Participant: 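Before we start, here is the structure in question, set down as structure tokens.
Position 1 is the first residue of the sequence; numbering continues from there. The structure displayed is predicted, hence computed values, not measured ones.
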Amino acid sequence: MVIKLSTPLINYPKDTILSFSKDEEMFRGVVKEFCERYIVPVWVKIDEEAEKDPMNIPLDLYSKMAEQGLFAIPCSSKFGGQDGTYTMATIATEEVAYADPAVAIAVYMLLNNGWPFALQIFGSEEVCQEVIPEVAKGRAFFGIATTEPHGGSDIAGIKTTAKREGSKYIFNGEKSYISGVGEVQKLPWGGGWFLVARTGGAGHRGLSAFAFLAKRNGVLSGGFHPTIYHDIGRHGLTTGGFILENFELDAKYLLGEENRGFYHVMEGFNLARILVSAACVGAMKWLLERAAEWFKQRKLFEGRYISSFQGVSFPFAELYAKYEAARYFVYRAARLADKVYVEKDPTVNPRDLNVPVALAKMWAPLAVADLAEEVMKWYGAFAYTKECPVYRAWLGTFSYAIGAEGAQNIMKYIIARDLLGSEYVRA
Ligand SMILES: Cc1cc2nc3c(=O)[nH]c(=O)nc-3n(C[C@H](O)[C@H](O)[C@H](O)COP(=O)(O)OP(=O)(O)OC[C@H]3O[C@@H](n4cnc5c(N)ncnc54)[C@H](O)[C@@H]3O)c2cc1C
């Protein structure tokens, strides 16, 4: 099945609400070209090969993405970033997911843009100088590590401890379902995560955030014991866990204030969730076009196109509405992130992002899951073969509906809590 992304299969309506500047349109064009050249021809092979062995990480592509300037887009050029906006990172993530709807490559975008940007907000100049340029050059990975085996939604219940001893913190505990465990080991410089651990008493006020570097300058630190999982989709980006046994980290890697880590990581989540949702939107566009392509060739019952039956065209129209709504939520949140963090508009603050971002992250993963399931059914039996790539988008994007970067119910909780007030809504 050969797919050309540039073939227009759907007459998209003219957009009046979502408008992009000339520079943004040019940037989208450049990313699209990169994707057509380097991602479209290989994404199925990447998904196939890493399904057999998760450590089959596409390091070549990773380097090319860095060369193209796709990592650390919103970070400052003094740290090797692109001095771009968050909207630009969102545009790039959407395009990458449109080219790789199994979304492993899109996850590189969200981790290596969202979390280095969060690092820039909370990290010292010295730590940013050390880490962000390596991420921007494609020599390191920087993601997020909050989830633990007892349950990822309950961040306030994190058990991993970080005890201050002189100029160091000593870590003990376990993190699970963490993206990038293989990348940190395989990339030449290494990297790590925006990691949250307990430095104080119980609850969310006893947590601190760290630029936790498991590997620096090519050297893996002692006390870090990783495992790699076999995921059901989005192959090409590893997921794994690690046990920390007396892992030592210099105190300079503390992010923001001690025991304020819960608030810091929530800001980071707001940023990363915009890009997760953008990846869902990109994959939705690919899926809608695969549906259109199929409708225009599949004929049944005396030669009628299957889309001539309302049982097919009506759900298509409904799912298209979900796509437009998802796209609107995503770009509204991205523009607001720019107001807060790039323009530093004093009339908005980081908390103002909570509801717009949660709307995007609540909506887009379920919208793409619904669409992918329906496209699978429209393709009939062919969808159930490995020759038809639709299932790759279905399994890959489902990672977001399950909970990568926050479960759906947690998004609903955030929306209800912020709309009604925390005294009326509890997790
Ligand atoms: C592919 C993939 C990649 C991931 N990458 C990372 C990563 O890089 N870093 C990282 O830290 N984590 C990562 N995660 C973990 C992810 O953040 C968690 O899956 C998520 O936070 C949910 O946690 P959990 O899976 O432990 O489910 P749980 O927290 O145990 O929740 C289980 C179910 O209960 C529901 N639930 C929980 N609490 C409530 C409540 N109060 N009210 C109503 N319903 C509730 C949830 O919605 C969910 O459906 C990844 C997950 C996946 C699938």
Side-chain angles (χ1 to χ4, degrees), residues 50 53-63 65-66 71-72 75 79-81 104 107-120 122-124 126-148 160-162 167-197 208-229 236-255 265 268 272:
D53 174 5
M55 288 298 270
N56 266 329
I57 300 165
L59 294 175
D60 267 10
L61 177 57
Y62 196 88
S63 299
M65 290 170 80
F71 298 153
C75 294
F79 303 133
V107 179
Y108 286 142
M109 296 295 297
L110 84 95
L111 293 167
N112 284 329
N113 281 292
W115 290 104
F117 192 49
L119 172 63
Q120 183 179 292
F122 296 107
S124 67
E126 184 190 352
V127 170
C128 292
Q129 283 288 4
E130 183 187 3
V131 182
I132 301 174
E134 298 299 334
V135 175
K137 281 186 259 170
R139 290 162 43 80
F141 171 94
F142 194 75
I144 167 71
T146 52
T147 304
E148 297 186 349
T160 297
T161 55
S167 63
K168 292 193 163 113
Y169 283 92
I170 314 293
F171 289 75
N172 282 286
E174 184 174 358
K175 295 286 175 190
S176 52
Y177 305 105
I178 305 300
S179 301
V181 173
E183 283 72 6
V184 165
Q185 293 174 75
K186 274 208 158 180
L187 286 165
W189 195 87
W193 299 270
F194 194 110
L195 180 143
V196 179
S208 298
F210 297 88
F212 182 92
L213 301 175
K215 185 173 160 191
R216 290 173 60 228
N217 254 328
V219 180
L220 202 63
S221 299
F224 175 78
H225 307 291
T227 16
I228 298 290
Y229 305 149
L237 166 95
T238 60
T239 311
F242 49 86
I243 290 172
L244 299 175
E245 262 181 340
N246 295 323
F247 183 100
E248 295 184 7
L249 189 74
D250 196 287
K252 71 180 177 187
Y253 295 105
L254 173 74
L255 298 176
V265 80

Participant: Could you please spell out the steps behind the side-chain contact (heavy atoms from CB on, under 4.5 Å) verdict for Trp193 and Val184?
Facilitator: CA-CA 9 Å; Trp193 299 270; Val184 165; 3.8 Å; yes
Participant: Where do Ile228 and Gln185 land on the side-chain contact (heavy atoms from CB on, under 4.5 Å) test, with the steps shown first?
Facilitator: CA-CA 11 Å; Ile228 298 290; Gln185 293 174 75; 4.2 Å; yes
Participant: If the condition is ring-ring contact (aromatic ring centres under 6.0 Å, His included), which residues does Tyr108 pass it with, not counting sequence neighbours?
Facilitator: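 Result, ring-ring contact (aromatic ring centres under 6.0 Å, His included) vs Tyr108: Tyr62.
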Participant: Shortest non-hydrogen contact from Ala197 to Phe210?
Facilitator: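 For Ala197 and Phe210, the tightest heavy-atom pair comes out as CB-CE1, 4.3 Å.
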Participant: Using a 4.5 Å cut-off on heavy atoms from C-beta on, say whether the side chain of Met65 contacts that of Asn112.
Facilitator: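 No, side chains not in contact.
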Participant: I want to check something: taking the side chain as every heavy atom from C-beta on, are Leu213 and Trp189 in contact at a cut-off of under 4.5 Å?
Facilitator: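 Sidechains of Trp189 and Leu213: in contact.
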Participant: How close do Ala72 and Ala136 get, counting heavy atoms only, and between which atoms?
Facilitator: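 Shortest heavy-atom separation between Ala72 and Ala136 comes out as CB-CB, 4.0 Å.
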Participant: Only distances under 3.5 Å count here; give the side-chain donor-acceptor pairs of residues 241-249 to other protein atoms, sequence neighbours excluded, each with its distance to 0.1 Å.
Facilitator:
residue: Glu245; atom: OE1; partner: His225; partner atom: NE2; Å: 3.0
residue: Asn246; atom: OD1; partner: Asn172; partner atom: ND2; Å: 3.1

Participant: Could you grab the distance from atom CG of Leu255 to atom OG of Ser208, nearest 0.5 Å is fine?
Facilitator: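 That separation rounds to 9.5 Å.
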Participant: Of all heavy-atom pairs between Gly268 and Ala118, which one has the smallest distance, and what is that distance?
Facilitator: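 Smallest interatomic distance, heavy atoms only, reads CA-CB, 3.9 Å.
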Participant: Heavy-atom count check: over 12 atoms from other residues, nucleotides or ligands less than 6.0 Å from Lys168 NZ?
Facilitator: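 Counting neighbours around NZ of Lys168, 12 or fewer heavy atoms of other residues, nucleotides or ligands fall under 6.0 Å, so no.
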Participant: For the pair Phe194 and Trp115, name the ring-plane relationship: parallel under 30°, tilted 30 to 60°, perpendicular over 60°.
Facilitator: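 Rings of Phe194 and Trp115: tilted, as their planes differ by 30° to 60°.
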Participant: Ile57 versus Leu187: any side-chain heavy-atom pair under 4.5 Å?
Facilitator: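 Not touching, per the 4.5 Å side-chain cut-off.
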Participant: Is the backbone of Lys252 close enough, under 3.5 Å, to the side chain of Asp250 for a donor and an acceptor to pair up by distance?
Facilitator: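 A pair under 3.5 Å: yes.
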Participant: Would you give the length of the straight line joining atom SG of Cys128 to atom CZ of Phe122, rounded to the nearest 0.5 angstrom?
Facilitator: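 Between atom SG of Cys128 and atom CZ of Phe122 there are 11.5 Å.
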Participant: Can you tell me how far CG of Leu195 sits from OG1 of Thr146, rounded to the nearest 0.5 angstrom?
Facilitator: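 Nearest 0.5 Å value for the OG1-CG distance: 8.5 Å.
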Participant: Compare all side-chain heavy atoms of Leu111 with those of Phe142 and state whether any distance is below 4.5 angstrom.
Facilitator: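 Leu111 does not reach Phe142 side chain to side chain.
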Participant: Output the distance between atom NZ (Lys137) and atom OG (Ser63), rounded to the nearest 0.5 Å.
Facilitator: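 That separation rounds to 12.5 Å.
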Participant: Are any of the side-chain heavy atoms of Phe212 and Lys175 separated by less than 4.5 Å?
Facilitator: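 A side-chain contact is absent here, since even the closest heavy-atom pair is not under 4.5 Å.
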Participant: Work out which heavy atom in Thr238 is nearest to a heavy atom in Pro54; give both atom names and the distance.
Facilitator: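 Residues Thr238 and Pro54, closest heavy atoms: CG2-O, 3.2 Å.
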Participant: What residues form a side-chain hydrogen bond (donor to acceptor under 3.5 Å, both in side chains) with Tyr169, not counting sequence neighbours?
Facilitator: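 Here the qualifying residues are Glu258.
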Participant: Roughly how far, to the nearest 0.5 Å, is the NZ atom of Lys186 from the NZ atom of Lys215?
Facilitator: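 Answer for the NZ-NZ pair, Lys215 versus Lys186, is 10.0 Å.
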